[in-house]
Amino acid sequence: MGLWTRHHLLLLLLSLLVCTCFSDPSDELCLTHLSESLLDPTKSLQNWTKTTFSNPCSGFTSYLQGATCNNGRIYKLSLSNLSLRGSISPFLANCTNLQALDLSSNALTGPIPPDLQYLVNLAVLNLSSNQLTGQIPPQLTLCAYLNVIDLHDNLLTGQIPQQLGILARLSAFDVSNNKLSGSIPTSLVNRSGNLPRFNATSFDGNKDLYGYPLPPLKNKGLSVMAIVGIGLGSGFASLVLSFTGVCIWLKVTEHKMALEEGKINHLMPDY
Ligand SMILES: *[C@@H]1O[C@H](CO)[C@@H](O)[C@H](O)[C@H]1NC(C)=O
Ligand SMILES: *[C@@H]1O[C@H](CO)[C@@H](O)[C@H](O)[C@H]1NC(C)=O
Ligand SMILES: *[C@@H]1O[C@H](CO)[C@@H](O)[C@H](O)[C@H]1NC(C)=O
Ligand SMILES: *[C@@H]1O[C@H](CO)[C@@H](O)[C@H](O)[C@H]1NC(C)=O
Ligand SMILES: *[C@@H]1O[C@H](CO)[C@@H](O)[C@H](O)[C@H]1NC(C)=O
Ligand SMILES: *[C@@H]1O[C@H](CO)[C@@H](O)[C@H](O)[C@H]1NC(C)=O
């Protein structure tokens, strides 16, 4: 029994040592690159310094403001409403234990890095109220635990990736007030089983987005084209029809004439 207790004590001591003394090199990479890509004009992130990045966690507590740790790893980053500028570093992907990323209500620019796909534990992604551009990376589908995707109030373009509908745990989805276009994926609005379906509030404020639960595509330029198309099409169709009619008539008369001729030939005596 004594031996077991000693073993347990040793193990506990060792794990404590691992938690407090040896930080994770990929977390350090992640934080270093993130702080380089973010601009902090109001000096909100006072203690985001290089020395802290090498050891951001002490077990369950973090030395970095806005960061939360779990077992010596960064598992939550909440840097909302801090007047941050700059872009989102793709190296955020190195914080592999990250479960929640909230960079909302800042002035961040540039794209949403597709590298976020490597955050396989990510459950909450809130990048709302920034000036992010580019497309919504379809690779986000690989973050199977995503519960929340909030990207409202940005400058995102392109289509909403169809694949996002397969995220089984998705319970909050907001891409309102962007510059998205195309039809809304039915996989998000008409989901199978009892998965939550997202209504118009999730999609409002995107000029070129259409389809249920928003109104269908109605483009004046296109309807004029459609009318012209229908006109030309029916004109062509009637032309083909009358041509075929004439052809048939000619064939019939030819046949009749041939018959008549045959009759005449038949009546003619042979010499
Ligand atoms: C950094 O700031 C946070 C909150 O502002 C504080 O809890 C933490 O102790 C600070 N860390 C250091 C190393 O100063
Ligand atoms: C954002 O921060 C400013 C101060 O920097 C504060 O006045 C405002 O209420 C905050 N907004 C939210 C939504 O927390
Ligand atoms: C860190 O992230 C970058 C960008 O995704 C990737 O290229 C690199 O391989 C990662 N490094 C480690 C050690 O995970
Ligand atoms: C995302 O952040 C904004 C601003 O901080 C907040 O109002 C919103 O509720 C968050 N989204 C979700 C789905 O929690
Ligand atoms: C939505 O799904 C239901 C069945 O769950 C189906 O009957 C309906 O046609 C679907 N609507 C659209 C617009 O796909
Ligand atoms: C959309 O759904 C949300 C809950 O997810 C609800 O609060 C809101 O009232 C709904 N809006 C409409 C227009 O149905």
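Order of appearance sets the numbers: ligands from 1, and atoms from 1 within every ligand. Model, not experiment: these values are computed from the prediction.
- Within ligand 4, the atoms closer than 4.0 Å to a non-hydrogen atom of S105 are 4 (C), numbered from 1 in the order shown.
- Going from atom CG of L214 over to atom CG of N206 covers 8.0 Å, rounded to the nearest 0.5 Å.
- Atoms of ligand 4 found under 4.0 Å from any heavy atom of V148, numbered from 1 in the order shown, are 13 (C).
- Residue contacts with ligand 4: S104 is placed with a nitrogen or oxygen under 3.5 Å of a nitrogen or oxygen of the ligand (distance criterion only).
- Side-chain contact between P161 and T141 is absent, with no heavy atoms from C-beta onward closer than 4.5 Å.
- Every protein residue with a heavy atom nearer than 4.0 Å to ligand 3 is included here: L29, P90, F91, A93, N94, D115.
- Of all atoms in ligand 4, listed by their number and element, those nearer than 4.0 Å to a heavy atom of S80 are 5 (O).
- When side chains are defined from C-beta on, L180 counts as touching I160, because their heavy atoms get closer than 4.5 Å.
- Counting only residues at least two apart or on different chains, the ring-ring contact (aromatic ring centres under 6.0 Å, His included) pairs with a member in residues 89-137 are H33-F91.
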Check the pair L195, L170 against side chain to side chain contact (heavy atoms under 4.5 Å, CB included), reporting the backbone distance first and the verdict last. CA-CA 8 Å; L195 297 181; L170 203 60; over 6 Å; no
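- For the residue pair S129/S104, the side-chain donor-acceptor check at 3.5 Å is not satisfied.
- Near S128, meaning under 4.0 Å from any of its heavy atoms, are these atoms of ligand 4: 1 (C), 2 (O), 3 (C).
- Here the CG-CG distance, from N126 to L103, works out to 8.5 Å after rounding to the nearest 0.5 Å.
- Taking CG of L209 as the start and CG of D204 as the end, the distance is 9.5 Å to the nearest 0.5 Å.
- No path of Ile, Leu, Val, Met, Phe, Trp and Tyr side chains, each step under 4.5 Å between heavy atoms, connects L39 with L34, placing them in separate hydrophobic clusters.
- By the 3.5 Å distance cut-off applied to N or O atoms, N126 is counted among the residues near ligand 4.
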